Amino acid sequence: MKHGKKFVDATRRYDREQLYTPTEALDLVKSLATRKFDETVEAAFRLGVDPRKADQMIRGTVSLPKGTGKDVRVAVFAEGDAAREAEEAGADVVGSEDLVSRIEGGFLDFDIAIATPDMMPKVGKLGRTLGPRNLMPNPKAGTVTSEVGKTVGEFKAGKVEYRTDRYGNVHVPIGKASFEAGDLLANYQAVLDEVLRAKPAAAKGRYLKSVALSSSMGPGVRVDPSTTREELARASA
């Protein structure tokens, strides 16, 4: 893979093999985010799981205490009172069969899809469209729910979804490069705690193999996860 000049220049400004504390890593990531737009900061966790085995896959949601810095567009599949509840909570688009038809016609202008349980037979036909884009409502991710108003509010406020990819990695956005380092650290700690909590019982050996932080267009900075909690305590003191 060929990288651009800015990416290569950025990699020369720090030791790519060194393990940094989260605070050091976040300061580096912020300094390396030199694009003209506000880059997203992402945490990448390499886990000791076998993603080919269903009992070692992890998937869920985590609320970022300092938000995502992004205007999250939420689509809700619901009818009647649930649809009104979703609209009142700030959902960007709400519908039932009409929304299914719109998506079949190419509409995909949303980041999260939520559905009430009774809508799933209708939503199921969208699996080939929504599935590859990680937009399919799923009970494990909390996006198939009867509490649509609460769920819409949580995702609008900073709840994000995570899941292992085919290589056993988990990638989670933790904010924007414009965030204060302390806010990114708080979000990182929340995600790290959730990833550790979600450790599958079937996973053997070392679970958290490595962690890296990066911005959208920047290089990865390796992190020593063991120092995070002490740093967070000092940052919030």
Side-chain angles (χ1 to χ4, degrees), residues 14-33 38-49 56-72 111-112 134 140-143 150-151 153-165 167-201 203 205-237:
Y14 71 105
D15 184 347
R16 297 191 72 183
E17 299 304 314
Q18 181 177 335
L19 282 178
Y20 292 89
T21 68
T23 296
E24 291 170 339
L26 288 167
D27 285 339
L28 265 172
V29 168
K30 284 169 60 65
S31 71
L32 298 172
D38 193 5
E39 297 181 49
T40 295
V41 177
E42 181 183 87
F45 303 88
R46 182 167 170 256
L47 304 179
V49 298
Q56 293 190 42
M57 295 284 287
I58 66 170
R59 181 174 187 175
T61 57
V62 55
S63 292
L64 303 182
K66 303 300 180 179
T68 63
K70 178 181 178 181
D71 183 17
V72 179
D111 306 297
I112 295 290
N134 293 330
K140 291 183 179 179
T143 47
K150 176 185 176 184
T151 305
E154 288 174 341
F155 277 103
K156 285 284 190 179
K159 178 176 276 193
V160 293
E161 190 175 347
Y162 67 87
R163 64 187 300 178
T164 43
D165 64 17
Y167 305 108
N169 302 316
V170 171
H171 298 265
V172 187
I174 60 169
K176 294 289 186 178
S178 61
F179 278 25
E180 294 292 331
D183 290 346
L184 288 170
L185 182 63
N187 284 349
Y188 168 73
Q189 180 65 61
V191 173
L192 176 62
D193 285 348
E194 172 60 22
V195 169
L196 293 175
R197 184 205 63 77
K199 178 182 178 181
R206 187 178 178 188
Y207 174 59
L208 187 59
K209 290 190 171 182
S210 65
V211 182
L213 297 171
S214 65
S215 63
S216 303
M217 306 298 290
V221 180
R222 298 180 67 197
V223 177
D224 177 1
S226 65
T227 59
T228 310
R229 192 167 296 285
E230 293 80 358
E231 283 191 277
L232 185 63
R234 286 197 300 270
S236 60

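Just so it is clear, the model here is predicted, and its values are computed rather than measured.
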According to side-chain contact (heavy atoms from CB on, under 4.5 Å), who are the partners of Ser215, at least two apart in sequence or on a separate chain? Val29, Ala33, Glu39
Hits for side chain to side chain donor-acceptor pair (under 3.5 Å) against Asp27, two or more places apart or cross-chain, chain-then-number order -> none
Go through the structure and list residues passing side chain to side chain donor-acceptor pair (under 3.5 Å) with Lys30, not counting sequence neighbours. none
Less than 4.5 Å apart, side chain to side chain, heavy atoms only: is that true for Leu32 and Pro219? yes
Residues in side chain to side chain donor-acceptor pair (under 3.5 Å) contact with Arg46, at least two apart in sequence or another chain: none
Thr21 side chain near Asp224 side chain, heavy-atom distance below 4.5 Å: no
In chain order, what residues pass the side-chain contact (heavy atoms from CB on, under 4.5 Å) check against Ala212, with sequence neighbours excluded? none
Listed partners of Leu196 passing side-chain contact (heavy atoms from CB on, under 4.5 Å), at least two apart: Leu192, Tyr207, Leu208
Taking C-beta and beyond as the side chain, do Lys156 and Asp71 meet within less than 4.5 Å on heavy atoms? yes
Report all side-chain donor-acceptor pairs from residues 176-183 shorter than 3.5 Å, counting only partners two or more places apart or in another chain.
unit_1: Lys176; atom_1: NZ; unit_2: Thr40; atom_2: OG1; d: 2.9
unit_1: Ser178; atom_1: OG; unit_2: Asp38; atom_2: OD1; d: 3.4
unit_1: Ser178; atom_1: OG; unit_2: Asp38; atom_2: OD2; d: 2.6

Taking salt bridge (Lys or Arg N to Asp or Glu O under 4.0 Å) as the test, write out the residues that go with Lys159, two or more places apart. Glu154
Pairing residues for Glu194 by the side chain to side chain donor-acceptor pair (under 3.5 Å) criterion, not counting sequence neighbours: Tyr162, Arg197
Salt bridge (Lys or Arg N to Asp or Glu O under 4.0 Å) with Lys70: which residues, sequence neighbours excluded? Asp111
Non-neighbouring partners of Glu42 that pass salt bridge (Lys or Arg N to Asp or Glu O under 4.0 Å), sequence neighbours left out: none
Sequence neighbours left out, what passes salt bridge (Lys or Arg N to Asp or Glu O under 4.0 Å) with Arg206? Give chain and number order. none
